[in-house]
Amino acid sequence: MKATGIVRRIDDLGRVVIPKEIRRTMRIREGDPLEIYTEKDGEVIFKKYSPIGELGDFAVTYVESLAKTTGIGACITDKDTVIAVSGVPKKELMEKRISPELEQVMEEKQNFHSSGKGVCVADGVEKYPAGVVAPIISEGDAIGSVVFFRTDGKEVGEVEEKLAANAAGFLGKHMEG
């Protein structure tokens, strides 16, 4: 665990303020759900909750199917990290923080299709740009995305755009139900 040197007191209602620097660094926004864990040694751990992350093996199987069907690499992200990858080296993208550009595409809640260089998917990983991004919308909020990569000179077309939109729609409905 990383020590921050910041001390906060609990108020009479049991609330504690998470410092702005930590919220900014961890991309914690107002209304974001947090999981709370306790350890035997008295530690209390706050962790950002990811509804898409709950899909686990299902997301991996789904993205593998998308990549195999199209022959184009794909991934599924939550609001913060890449949670499932297929068709490109997993170690380069798995559990990496998403880029601000991808975060912006998700916030716009519109499908993105690149005819140019694409959008960087993960912070610091320029090698695998997104050709298609479909935000996963659940109860009106963007909670993740389905991405097809622009790699090896393969064009991402209308078929991949429709597949990504369909997958994102399915995952969004699945999270609501």
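For this chain, numbers begin at 1 and follow the sequence in order.
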Audit row: Arg29, Lys79, side-chain contact (heavy atoms from CB on, under 4.5 Å) steps and yes/no: CA-CA 11 Å; Arg29 299 166 202 88; Lys79 285 174 56 173; 3.6 Å; yes

Rounded distance [0.5 Å steps], CD in Glu39 versus CD1 in Ile45: 4.0 Å

Looking at Val146, Ile83, Leu102, Val133, which one forms a side chain to side chain contact (heavy atoms under 4.5 Å, CB included) with Thr77? Leu102

Answer yes or no: are there more than 12 heavy-atom neighbours, outside Glu92 itself, under 6.0 Å from its atom CD? yes

Under 3.5 Å: donor-acceptor pair, side chain of Arg23, backbone of Ile18: yes

Does atom CG of Asp57 have more than 12 heavy-atom neighbours, drawn from other residues, nucleotides or ligands, at distances under 6.0 Å? no

Inspect the surroundings of CD in Glu35 and state if more than 12 heavy atoms from other residues, nucleotides or ligands are less than 6.0 Å away. yes

Can Glu64 and Lys68 be said to form a salt bridge (charged side-chain N to carboxylate O under 4.0 Å, His left out), step by step? CA-CA 6 Å; Glu64 284 173 355; Lys68 187 176 181 181; over 6 Å; no

Audit row: Ile143, Ile137, side-chain contact (heavy atoms from CB on, under 4.5 Å) steps and yes/no: CA-CA 6 Å; Ile143 60 169; Ile137 310 295; over 6 Å; no

In Å, rounded to the nearest 0.5 Å, how long is the span from OG1 of Thr81 to CZ of Arg97? 9.0 Å

Heavy atoms, side chains only, cut-off 4.5 Å: are Pro129 and Val119 in contact? no

Other residues, nucleotides, ligands: >12 heavy atoms within 6.0 Å of Gln110 CD: no

May I ask you to decide if the ring planes of Phe170 and His174 are parallel, tilted or perpendicular, using 30° and 60° as cut-offs? parallel

Evaluate side-chain contact (heavy atoms from CB on, under 4.5 Å) for Tyr62 paired with Leu171, printing each intermediate quantity in order. CA-CA 10 Å; Tyr62 202 144; Leu171 291 170; 4.0 Å; yes

Output for pair (Cys120 SG, Ile98 CD1), nearest 0.5 Å, gives 10.5 Å

Closest heavy-atom pair, Ala84 versus Val63, reported as atoms and distance to 0.1 Å, is CB-CG1, 3.8 Å

From CA spacing to verdict: side-chain contact (heavy atoms from CB on, under 4.5 Å), Val147, Phe112: CA-CA 9 Å; Val147 176; Phe112 169 85; over 6 Å; no

Same cluster for Val82 and Val60 if Ile/Leu/Val/Met/Phe/Trp/Tyr side chains link at under 4.5 Å? no

Nearest heavy-atom contact between Phe148 and Glu160 is CE1-O, 3.3 Å

